[in-house]
Amino acid sequence: DTGQRFTNAEILDYYRSRRHPKLNENPRARLPYRQAVDWYLDRQTKEYRQTLETLNTSIGQPMSEQTQVAVCIPVAGHQESKDIYRTLSQYAKQTNVEGKPLNPANYEVLLFVNAPEGQSVSATIDEIARFRKDYPSVPVRVATGTFQKGTVRYGAYIKYAYDLALLRARERQTANDIVIATMDADTAQMDPAYLSENLRFMDDPANARFDATLAMQDFDHRVLAAYPTFMAAVRFRQYIEAQTQRGIPGWNSAERAGEHFPTIITQGRTSFIRGSTLAAVGGVNSSTPAGADKELGEMITFARTGKFQNIPEEEYPLAYNNQSGIETNPRRELVTMLSGKLLTQPWDKFDEGELVRGKSLDELIRQSPEKPGDLNVPELERQINGFRSWGVNMDSYYARRALSWMGLTEGSDYLLEKDDHGAKIKFMGDLSTLKNELVKFAEKTYEVSDRGDPTILAPQEAPAIS
């Protein structure tokens with residue numbers, strides 16, 4: 001990996017050069033786990049392989065022969081002390097699909113605690129140790145590493161975490177595949193059957209063609225309730241994504257017509273990837289500064305289909321599983337918006353504003369300048385129109401439907417103004433219907449929070465997509 005950003009034909013050639021030869025010969029090939037991982041690890045430099053082996057030795061425990069999923073969490077050790085205990089506590093609540101406690105031998109939580117040289121990770125390590133003392137049965141495994149500040153891209157952090165899991169699974173006696181679950185260190189809530197449900201999905205013979213699945217996710221509802229303008233902008237984005245994941249026609253037009261092409265993006269927050277596939281496509285691109293998890297899905301999709309878009313649903317190698325999910329800390333997106341930027345910009349530079357990771361959920365909630373009934377209409381208008389940079393045409397079926405799900409009606413709540421980029425939204429009045437829905441959401445959120453309900457709320461309900 002050179003750090004060079006490729007375009008057009010160059011990037012396609014680059015992805016081909018990273019893949020297992022058998023996958024290039026036959027895009028439908030399913031490589032046995034050991035064959036794929038042995039090939040992949042043999043391609044790594046001697047120094048990198050030695051580093052992986054040293055990290056594995058430092059863990060002090062081998063992976064269980066029964067482990068089906070390795071939850072890989074890259075942890076910014078100098079910044080995550082306020083969130084890591086809460087994140088790990090979600091695994092103490094995990095159950096199987098029958099509701100019984102999940103067998104600890106069936107999974108492991110692999111933490112790669114990293115930091116720039118000279119930065120202390122002691123507070124985060126202490127919190128991890130506190131959790132392990134409180135919940136000794138939860139299989140938490142810890143490896144640590146330091147990097148020279150400014151020399152390592154985001155792709156490198158997750159590469160170490162995922163490759164360490166591949167190596168640990170390879171050293172077992174069993175030849176079974178392992179599922180790599182990608183997670184962040186700031187998960188706020190997790191459905192009790194989150195791991196078992198997504199494993200069930202991956203193990204279902206009917207889903208054998210899928211190399212990865214994206215699980216359901218939402219932002220922490222207490223933060224959304226505390227920042228109603230942010231929540232409204234987030235819901236618009238989510239309602240657009242709900243349609244792209246299903247491939248609903250109407251991306252560029254007001255009519256729902258045309259073919260059915262889904263678009264699913266793997267993410268670091270909540271994806272499940274077959275280990276054999278991860279190895280066969282050449283693993284994480286360590287030169288990617290941001291979006292390396294997203295790029296994994298792109299590499300898989302291109303390997304299987306030879307293209308990145310306009311892929312028929314029956315050929316798509318990625319799936320979306322809406323049966324179980326998580327709530328996560330929206331700190332990066334929230335601070336992006338509060339700093340005057342658009343929600344389309346939080347991942348432009350991964351290290352930009354990295355001190356955001358030091359803020360806990362409670363700190364974010366206390367800092368809100370808004371109340372549940374507040375709504376900054378001009379800012380919401382600016383944020384929604386900002387999604388035009390992602391190709392969202394506001395005069396499209398997608399945008400109109402998303403706005404209708406938010407309770408907004410063309411003519412009474414908004415107008416469409418034509419310009420050189422298609423059309424943009426112009427809100428009218430105070431959007432009272434939307435405000436009322438935001439107040440109801442906050443009331444329900446606080447009610448559930450007061451009960452201490454361990455099950456996450458589903459995102460604000462939208463009409464079924466058919």
*Please identify each residue that fulfils ring-ring contact (aromatic ring centres under 6.0 Å, His included) with Tyr107, with sequence neighbours left out.*
none
*Under the salt bridge (charged side-chain N to carboxylate O under 4.0 Å, His left out) rule, collect the residues that match up with Arg43, sequence neighbours excluded.*
none
*Could I get the full list of side chain to side chain contact (heavy atoms under 4.5 Å, CB included) partners for Val121, not counting sequence neighbours?*
Val113, Ala115, Ile125
*Quick check, are the ring centers of Phe147 and Tyr157 under 6.0 angstrom apart?*
yes
*Not counting sequence neighbours, which residues clear side chain to side chain donor-acceptor pair (under 3.5 Å) with Thr57? List them please.*
none
_Qualifying residues under side chain to side chain contact (heavy atoms under 4.5 Å, CB included), relative to Phe261, sequence neighbours excluded_ = Glu259, Asn310, Pro312
*Sequence neighbours left out, what pairs pass salt bridge (Lys or Arg N to Asp or Glu O under 4.0 Å) with at least one residue falling in residues 53-77?*
Arg49-Glu53
_Enumerate the ring-ring contact (aromatic ring centres under 6.0 Å, His included) contacts for residues 19-64, please, sequence neighbours excluded, ordered by first and then second residue._
His20-Trp39, Tyr48-Tyr160
*Name all residues meeting the side chain to side chain contact (heavy atoms under 4.5 Å, CB included) criterion together with Thr244; count only those two or more places apart in sequence or in a different chain, and write none if there are none.*
Ile240, Glu241, Trp251, Thr263, Tyr398
_Partner set under side chain to side chain contact (heavy atoms under 4.5 Å, CB included) for Val234, not counting sequence neighbours_ = Phe219, Phe230, Gln238, Leu343
_All ring-ring contact (aromatic ring centres under 6.0 Å, His included) counterparts of Phe272, not counting sequence neighbours_ = Tyr194
*Provide the full list of ring-ring contact (aromatic ring centres under 6.0 Å, His included) pairs with a residue in residues 295-314, sequence neighbours left out, each pair given once.*
Phe302-Phe308
*Without swapping roles, check the side chain of Arg274 against the backbone of Phe210 for a donor-acceptor pair under 3.5 Å.*
yes
*Quick one: side-chain hydrogen bond (donor to acceptor under 3.5 Å, both in side chains) pairs with a partner in residues 199-208, sequence neighbours left out?*
Glu197-Arg200
